[in-house]
Amino acid sequence: MSFTLATWNINSVRLREGLVARLMEDEAPDILCLQECKSPVEKIPLERFHELGYTHMVARGQKGYNGVAILSKLPIEDAGDKDFASLGHARHVAGRLENGVTIHNFYVPAGGDVPDREKNEKFSQKLDYLTEMRDWFRDSRPEKAILVGDLNIAPREDDVWSHKQLLKIVSHTPVEVEHLDNVMEAGGWHDVTRADIPEGQLYSWWSYRARDWDTADKGRRLDHVWASGDIRAAAHGSRILRDARGWEKPSDHAPVFAQFDL
DNA sequence: ATGTCCACCGGAGGTGGA
């Protein structure tokens, strides 16, 4: 069995229903994981997605903020969620395919502006969130599992436009990278995107604030696809659809794709 | 490093979050 998967921080699924449909039409991933839906589950516009073949969904939502959804052409059953760091936010949902593969869809807290636990509660919550992810995956090591989402951390030097200039910028600080590495190690996770594309600058997010995001190209790789060790070899064909960042009224994130042959 | 976009509330534009 083979399927393609994409992960995309959509920054409001209701405002960008048309962009989601365009991705479904143009790229047709079997499974599309969305973050920042900013919608209660019952208000996600499903009709067009159904018409395009995405007849299955598992999702968690809340009014105005956060929210994660897995839209799928393949049957998928709800495999639960966990409120890491007890924030009361809709930031994680898991789904299970008929072949037994579990997909975890995450929206890790952004962490505010100041990278200091004492001065910034949001940064503290981000680190706590990652610590609880680590503990959870350590206690039940994932098998036949995929983890995707907006992890809000660009771990490698070549995952940001300037390693030196971003060392003290939230998303690329050493303490965040260490916390993310601990999640990977505890779960036996492997970075599928970087296994496929090991060399060179690679970004999935460009700020809205830049005058010309494409020319300035001050991006970061905040969106990730990971696989558990037992299925890592099944993953290939990763790519980032940079074009989507240039679509009309875009999300500030581009979709990240991978294929799995299982 | 940069300075835009989105949702909420409420019925305009301020506020919080990213």
Side-chain angles (χ1 to χ4, degrees), chain A residues 7-20 33-45 59-69 83-85 87-92 105-117 119-130 149-174 176-177 179-180 201-224 242 244-256:
Chain A
T7 178
W8 195 13
N9 178 317
I10 193 60
N11 187 14
S12 175
V13 71
R14 283 183 279 173
L15 191 72
R16 290 186 233 287
E17 175 186 1
L19 295 193
V20 173
C33 299
L34 300 175
Q35 303 87 34
E36 277 205 272
C37 297
K38 295 186 174 177
S39 172
V41 172
E42 63 272 18
K43 291 191 176 181
I44 296 175
R60 295 295 184 273
Q62 63 185 89
K63 191 162 74 173
Y65 301 103
N66 310 311
V68 285
D83 182 21
F84 297 92
L87 300 174
H89 296 170
R91 293 180 176 276
H92 168 252
N105 184 13
F106 275 96
Y107 175 50
V108 171
D113 288 330
V114 180
D116 184 328
R117 264 191 186 277
K119 295 175 185 165
N120 174 9
E121 188 188 20
K122 292 185 187 304
F123 192 73
S124 187
Q125 289 172 348
K126 182 179 195 176
L127 297 182
D128 290 346
Y129 194 97
L130 293 159
D150 178 2
L151 306 185
N152 267 314
I153 297 174
R156 292 176 27 155
E157 293 191 13
D158 51 5
D159 290 338
V160 294
W161 64 274
S162 168
H163 169 62
K164 226 173 172 178
Q165 289 182 256
L166 289 170
L167 268 172
K168 292 180 179 172
I169 302 297
V170 173
S171 73
H172 192 61
T173 64
E176 290 170 85
V177 173
H179 277 67
L180 193 69
Q201 305 301 117
L202 199 57
Y203 314 137
S204 65
W205 174 88
W206 295 261
S207 172
Y208 284 126
R209 298 178 192 180
R211 288 169 217 284
D212 183 344
W213 71 273
D214 195 25
T215 303
D217 201 20
K218 294 183 172 179
R220 307 176 200 169
R221 188 172 69 103
L222 304 179
D223 303 275
H224 299 263
R242 182 182 174 116
R245 180 62 178 79
W247 290 352
E248 193 174 346
K249 290 207 88 191
S251 167
D252 46 356
H253 294 253
V256 181

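So that the names make sense, note that chain A is the first sequence line, chain B the second, and so on, each numbered from 1. Being a predicted model, the structure only gives us computed values, none of them experimental.
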Do you know which two heavy atoms are closest between A:V170 and A:V114, and how far apart they sit?
CG2-C, 4.0 Å
Taking atom types as modelled, is there a side-chain donor on A:T7 or A:Q35 under 3.5 Å from an acceptor on the other?
yes
Assess whether salt bridge (charged side-chain N to carboxylate O under 4.0 Å, His left out) is satisfied between A:D83 and A:R60, documenting all intermediate values.
CA-CA 11 Å; A:D83 182 21; A:R60 295 295 184 273; over 6 Å; no
Distances for protein N or O near nucleotides 3-8 of chain B N or O, under 3.5 Å:
| unit_1 | atom_1 | unit_2 | atom_2 | d |
| --- | --- | --- | --- | --- |
| B:dG3 | OP1 | A:R211 | NE | 3.2 |
| B:dG3 | OP2 | A:R211 | NH2 | 3.3 |
| B:dG3 | O5' | A:R209 | O | 3.4 |
| B:dT4 | O4' | A:Y208 | O | 3.1 |
| B:dC6 | OP1 | A:R16 | NH1 | 3.0 |
| B:dC6 | OP1 | A:R16 | NH2 | 3.2 |
| B:dA7 | OP1 | A:S12 | OG | 2.2 |

Over how many whole Å does the gap from A:I153 atom CD1 to B:dA18 atom P extend?
14 Å
For A:I153 and A:K126, what are the C-alpha separation, side-chain angles and deciding distance, and is it a side chain to side chain contact (heavy atoms under 4.5 Å, CB included)?
CA-CA 10 Å; A:I153 297 174; A:K126 182 179 195 176; 3.9 Å; yes
DNA chain B nearest-nucleotide lookup for A:K218 and A:Y107: closer to the 5′ end is A:K218
Between B:dG11 and B:dC6, how far apart are the P atoms? Round to whole Å, please.
23 Å
Nearest-Å distance, CG (A:L87) to P (B:dA18)?
10 Å
Please work out if A:R91 contacts a base, only the sugar-phosphate, or nothing of the nucleic acid, heavy-atom cut-off 4.0 Å.
sugar-phosphate
From CG of A:D113 across to P of B:dA1 the rounded distance in Å is 13 Å
For the P atoms, the ones on B:dT15 and on B:dG10, what distance do you get once it is rounded to whole angstrom?
15 Å
Separation of B:dA18 C1' from A:N120 CG (nearest whole Å)
13 Å
Using whole Å, report how far CD of A:Q35 lies from C1' of B:dA18.
14 Å
How about CG on A:D113, more than 12 heavy atoms from neighbouring residues, nucleotides or ligands closer than 6.0 Å, or not?
no
Donor-acceptor side-chain pairing of A:Y208 and A:N11 below 3.5 angstrom:
yes
Residue whose closest nucleotide on DNA chain B lies nearer the 5' end, A:V170 versus A:H253:
A:V170
In this structure, how many angstroms lie between the P atom of B:dT2 and the CH2 atom of A:W205, rounded?
12 Å
Using the C1' atom as the reference point in each nucleotide, state the distance between B:dA12 and B:dA18 in Å, no decimals.
24 Å
Give me the distance, rounded to whole Å, that separates B:dG16 from B:dG3 when you measure between the C1' atoms they each carry.
16 Å
Protein-nucleotide distance (A:H89, atom NE2; B:dA18, atom P), rounded to Å
8 Å
Could you grab the distance from atom CZ of A:F106 to atom OH of A:Y129, nearest 0.5 Å is fine?
5.0 Å
Whole Å only: how far is the CD atom of A:E121 from the P atom of B:dG16?
15 Å
